[in-house]
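Starting from 1, each residue takes its place in the sequence as its number. Whatever order the structure lists them in is the order used to number ligands and atoms, beginning at 1.
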Amino acid sequence: MLNKKTIEQLNLKNKKVLVRCDFNVPMNEAGEITDDRRIRSALPTIEYIIENEGKVIIMSHFGRPKGKANHKYSLEPVAKVLADLLNREVIFIDEDSVVGEDAKKAAGEMQSGEVVLLQNTRFRSGEEKNDLDFAKELSSLADIFVNDAFGTAHRAHSSNVGVSEYLPSAVGFLVKKEIEIMGKAMVNPERPFIAILGGAKVSDKITVIENLMDKIDSLLIGGGMMFTFLKAKGYEVGKSLLEEDKIELAKRLMDKAEEKGVNMLLPVDAVVAKEFKNDTTFKTVKVSNIPKDMMGLDIGEETRKVFEQEIKKGKTILWNGPMGVFEMENFAKGTESIASAMAQAEGITIIGGGDSALAVEKTGLSDEMTHISTGGGASLEFFEGKSLPGIECIDNK
Ligand code: AMP
């Protein structure tokens, strides 16, 4: 299905391969990486190049140093973790210019099977502008470009798009897997195809809902955005999150669901709270009984049961966005119940990155899912039906 060249189609022997990874990992104040999932996800591509006697030169961004060298955002801690995971030396090039004399020397002297990691590409102001001069400098280090950074594929930057102007290119195993699994769901899903959407606002998910409406069988709505839909159905929502200017749109989306035969399920009850904090008075009420002075912060128990039942029927189940304010323990049950229903479902389960991926990780159910996307923003744009520049730029098969 993927019409782009993949790493398996390249002759890598003795070739210098510039690999764009997404090593934008969470780090604590002490500079320790708290979740190495993104580094582990890059291993198949790196190991494949090593096994095929290529030379690996890795680029990544990390955090937001805003185009200037700032060692708070150095990739050095990543180099250490990567070396441990690969069980081999990773030569870290600590240059503010990313591509300086040291990088050129290291690239020139590399032997097959060696691994070099360049400094944070966002130390250079040209990176986020897709500056072609910076892209040319990066490209000058290598013979081939492999993009394996799905998390940044929705952005056109020098290190993931610009470099493709100067080098033959292919996608790595991670990008291939992301596109194949999510692409199959979009083009030829096993049915019933169920989508679960949550998160704060309807406005952030309009295009996703519209695009999915043509493909899915059921749509389950939770999170802050459920209240705009409930209001559109005539319920009072108290102090809950409400986008007044999207009520008409919510009505149109519900009409469209009916027209298309999509079974749209809205919550029948909600957990409402006095204040937006964990330690406050809260209770579960029917959506027809939301008190004026309270706000809905999670789906209720009855809704959880209805959603769980529906999820278990799915052959393809796609989830993006938490069902409630899952960061607060008292309002995390809805989100946890989706994670556990998906874990038990027999169908293909896809988590669209970001907060939902974090929630699944928290429940310890990650291994039970078919696919957890490594890119929140990128997967959202993918489900919106947009083409991703980081993939579009790669050579065709
Ligand atoms: P998003 O980035 O749009 O997926 O939204 C995720 C955020 O939505 C999380 O930080 C949740 O705490 C928040 N959220 C989920 N449900 C609600 C709600 N009922 N009221 C306010 N915020 C919510």
Charged N-O contact under 4.0 Å between [X] and [Y]:
X: R88; Y: E114; answer: no
X: K177; Y: E180; answer: no
X: R155; Y: E128; answer: no
X: K15; Y: E53; answer: no

Should you measure from each heavy atom of [X], which atoms of ligand 1 turn up under 4.0 Å away?
X: V325; value: 12 (O), 15 (C), 16 (N), 17 (C), 18 (C), 20 (N), 21 (C), 22 (N), 23 (C)
X: G296; value: 18 (C), 19 (N), 20 (N)
X: G199; value: 1 (P), 3 (O), 4 (O), 5 (O), 6 (C), 8 (O)
X: K205; value: 3 (O), 4 (O)
X: G223; value: 16 (N), 19 (N)
X: L297; value: 19 (N), 20 (N)
X: F227; value: 19 (N)

Heteroatom proximity flag, A200 to ligand 1, N/O under 3.5 Å: yes
N or O contact, G224 vs ligand 1, cut-off under 3.5 Å: yes
Protein heavy-atom partner closest to atom 7 (C) of ligand 1 - residue, atom, separation in Å: D355 OD2, 3.9 Å
Identity and distance of the protein heavy atom lying nearest atom 12 (O) of ligand 1: E327 OE1, 2.7 Å
From CA spacing to verdict: ring pair (Phe, Tyr, Trp, His ring centres under 6.0 Å), H61, F123: CA-CA 8 Å; H61 77 287; F123 279 11; over 10 Å; no
G324 near ligand 1 by a heavy-atom separation under 4.0 Å: yes
Listed partners of Y48 passing ring-ring contact (aromatic ring centres under 6.0 Å, His included), at least two apart: F173
Validation row: V19, T45 side chains within 4.5 angstrom (heavy atoms):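 Yes. Closest side-chain heavy atoms under 4.5 Å.
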Non-neighbouring partners of N396 that pass side-chain hydrogen bond (donor to acceptor under 3.5 Å, both in side chains), sequence neighbours left out: K4
